[in-house]
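What follows is one structure encoded as structure tokens, with my remarks underneath.
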Amino acid sequence: MTPTQLLRSLAPRRDGHAGTAAASWRTPVTMAVLTLAAALAAALGPRTGTTSFRLSKPTDVLALPTATVPAQAATVALTLVMAALCTAAALRVRAGRAPARALAPAFGTAFVLALLTWAAAGATVPVVGLLGGALALSIPLVFGAMGGVLSERVGVVNVAIEGQLLAGACVSAVVATVTGQPLVGLVAAVVAGALVATVLAVFSVRYLVDQVIVGIVLNVLVTGLTGFFYSTALAPDAARLNAPARLPQIALPVLGDLPVVGPVLFRQTVVVYAMYVVVAVVWVVLFRTRQGLRIRAVGEHPEAADTVGIDVRATRVRVVALAGAVAGLGGAYFTLGSVGGFGKDMTAGAGFIALAAVILGGWHPLRAAAAALLFGFVSNLQNVLGIVGSPLPSELMLMLPYLVTVLAVAGVVGKVRAPAASGTAYEGAS
Amino acid sequence: MSDVQTPVREQAHQEPPPDRAGAVLRAVTQGRVTTSLLAVLMAFVLGALLVCLTDDRVAAAAPYFLRRPGDLLAAVGQAVGGAYLALFQGAVWAPRDTFAASIRPLTDSLMFATPLITAGLGVALAFRVGMFNIGARGQILVAAACAGWASSSLHLPVGVHVAVALAAGLAGGALWGGIAGLLKARTGAHEVIVTIMLNYVAFYLVSLLLRTPVLQVEGSANPRSRPADATAVLPPLFGDAHTTHAGFVLALLAVAGVWWLLDRSALGFRFRAVGLNPRAARVAGIDVERVYLVVMVLAGALAGLAGAGQVLGTVTTGFGVSIEAGIGFEAITVALLGRSRPLGVLLAGLLFGAFKAGGFAMQSMQAIPVDLVLVLQSLIVLFIAAPPLVRALFRIPAPARGQE
């Protein structure tokens, strides 16, 4: 092999095979599949009656009227919109250009609206409940995703998000019950998450253990520890150890009175407001500060960072502990923000969904947060579909969001690039 | 994340040092075996600490420790000894009238180990290619559904039936794993996301099938499958009194097969090349995308063997959606403890199977939550993965470079 051939083979492939090409047919093909599915549903399972979208409660200051549409006509109209967007994407690709970035979200919105209109014919969709429930399910995912982004940006794969969430949930419930102060519980959750992450950092940075091994094992360890203490201490003595007061909801003035967005975004607990701040801060710190540049340098090219005088190992331990603190705060939402008491295994895989959000968001804080919100939305979509009832077996509706996620990842997002040194230990310049 | 490091450290081949006896002694005291045994010991000591922390007798004796230290020590001995004795009696040997009855716990352990070994092999195989396969759960579920359908809906002669049912399970698992491989190969979709999502899809798909005539018992409202035909059941290995079934032999064959594949075949060489460095492998002319697809099909088939074994050997009287029983996730820990090597996965699977059997006994005999087993398992993996930590704690000098 000549050197030229070698160089050429190392260059990214342009045929779309590895997902690097600008004009890939993946997006239009995926859109066509979904459009076809919608058209088939409208044709084979025609709906009668109307679908209502309730936008506000009668008690709201600024009450919006309930929107009512004829189910079948609206489904057909939305399917036509989807077909148009699909054609637009196909034309762009044929012209050799990438589909406009707004096309995929617009298509997704049309698809969700079509699905809701079709499935909820003759019933009412509580829009505020749908979005509010979606946000509630997203909160731990967003915190977990921020923990994942921070940790991976500094070069440590954080598979232990699940453990950090679970530790935060358990410790915050116990501390809040014993002290009687939910806010003290929040602080305890931060400490618990940071502790789990510190173990991850010490084992992977100091003892050079494979990061994925430590991460997976920490999840099992925290599951075992919290489960053990739950069975031996928390469950037998719940009143004294596991009955925390829930955090109060705080309505922001003016913003809280807006229709739809008010109750969804601005009548929430302090954890949710902390989430808005955390996402913004992580983004600003990573991409707009000198410290963030150092963090990313350590994650992309630790040798280079070391050469310019950054202490790679210390930076990694510090940032990973911080990442765990963020994830731990998300764990507190499970107990203090929603349920109250701690339950065995109550995170139920949320840490892994958060990990998926990190990857889907391309290791970028804002996009990862958006991905986490998307996952929260699809999980709540299935709850709402379960309540309003649909003509299909419930299991099919329940699996639909996950199928759509697979389609979205395969069809629209494609290959994403991780921070270059994420997952590799740094033994020091030799 | 796309280049998850294979938790495998290739051993450097070195010329044997001149002082053979000294080298053997050093290898024993400083090598993997000693650090591994010490790691297990540390895990059990920490586990004992947990048992004492929550034991009422220990708590009662602790306040007057200085006046009568014997009481506390006796209480600690009772609590810890009772817990670990129950663990041993549940996992290995419980004295009964006959040998066959006494050895029953060990055969239970083998039964629990069977799916852990095969599913662990599937996860390990993907690791060796640098892929993080979290999808064993879904692959096991789909395989169980396929094998369950074949075992109860087809009616074939003895021998043929069990083979067909096994093949159906393998095919189901291979299909489910292959989807993730195909999507990664063709679109670059990250296998972590796809396998997590496919786990949920499989769960709801199998839940749905369990409510339809495809799998459900006629005239029943419960989402449970029909029992397997007698012709489709994997025979017990040690008679009807023991739970170990022929699936264990299949698991051993799978270990040998994966070993041959990875260490002796050209395909396995390509797998390892892609796992070490996909770009270099591409330069060397290896079709990396094809390797992603093939390895996920094989990984799915191995998880499928676990699912089929559950349905055809362990729970033959009809199963619910809980048939997966957390095996898919434990398989990841098994693969990691086994360092993604076939023999390592076998040993790790046997250990975890013993823990599973012993954990249930500990819970029923000593009222110690089965979660203690999770703590022990995770600590063992953590300490075994960190020989420098174990050596530092026990003041063992580090071995010469390249011998670790």
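Each chain gets a letter, A, B and so on, in the order the sequences are listed, and its residues count up from 1.
- Atom CG of B:Leu208 sits about 8.0 Å away from atom OG of A:Ser394, to the nearest 0.5 Å.
- The distance from the CG atom of B:Leu382 to the OH atom of A:Tyr207 is 11.0 Å, given to the nearest 0.5 Å.
- Residue pairs satisfying the salt bridge (charged side-chain N to carboxylate O under 4.0 Å, His left out) criterion with at least one member in residues 371-385 of chain B, sequence neighbours excluded, are listed as follows: A:Lys344-B:Asp371.
- Taking chain A as the reference chain and counting heavy-atom pairs below 4.5 Å, the highest number among B:Thr54, B:Leu389, B:Val375, B:Leu183 is found for B:Leu389.
- Heavy-atom minimum distance, B:Leu50 versus A:Phe228: O-CE2, 3.7 Å.
- The aromatic rings of A:Phe352 and B:Phe329 sit perpendicular, their planes meeting at an angle over 60°, well past the 30° parallel limit.
- The side chain to side chain donor-acceptor pair (under 3.5 Å) test applied to B:Arg211 returns A:Glu395, not counting sequence neighbours.
- Between A:Val159 and B:Phe132, some side-chain heavy-atom pair lies under the 4.5 Å cut-off.
- Distance check: A:Asp210 CG to B:Arg339 CZ gives 8.0 Å after rounding to the nearest 0.5 Å.
- The candidate with the highest count of non-hydrogen atom pairs below 4.5 Å against chain A, out of B:Ala202, B:Ser207, B:Pro369, B:Ala392, is B:Pro369.
- B:Ile193 and A:Val409 get closest at one heavy-atom pair: CG2-CG2, 3.7 Å.
- Listed here is the closest heavy atom pair of B:Ala386 and A:Val209: CB-CG2, 3.5 Å.
- Within a 6.0 Å sphere centred on CZ of A:Arg206, other residues, nucleotides and ligands contribute 12 heavy atoms or fewer.
- The two residues B:Ala189 and A:Ala410 have their closest heavy-atom pair at CB-CA, 3.8 Å.
- One distance of note links CG of B:Leu379 with CG of A:Leu221; it measures 5.0 Å at 0.5 Å rounding.
- Remark: of the listed residues B:Val381, B:Ile134, B:Leu336, B:Leu336 is the sole one forming a side chain to side chain contact (heavy atoms under 4.5 Å, CB included) with A:Ile216.
- Neither the backbone nor the side chain of B:Leu337 comes within contact range of chain A, judged by heavy atoms closer than 4.5 Å.
- The heavy-atom pair separating A:Ile213 from B:Ala385 by the smallest distance is CG2-CB, 4.1 Å.
- For the atom pair B:Met197 CE and A:Leu403 CG, the distance stands at 11.0 Å (nearest 0.5 Å).
- The part of A:Phe229 that comes within reach of chain B is its side chain, from C-beta onward, which places non-hydrogen atoms under 4.5 angstrom from that chain.
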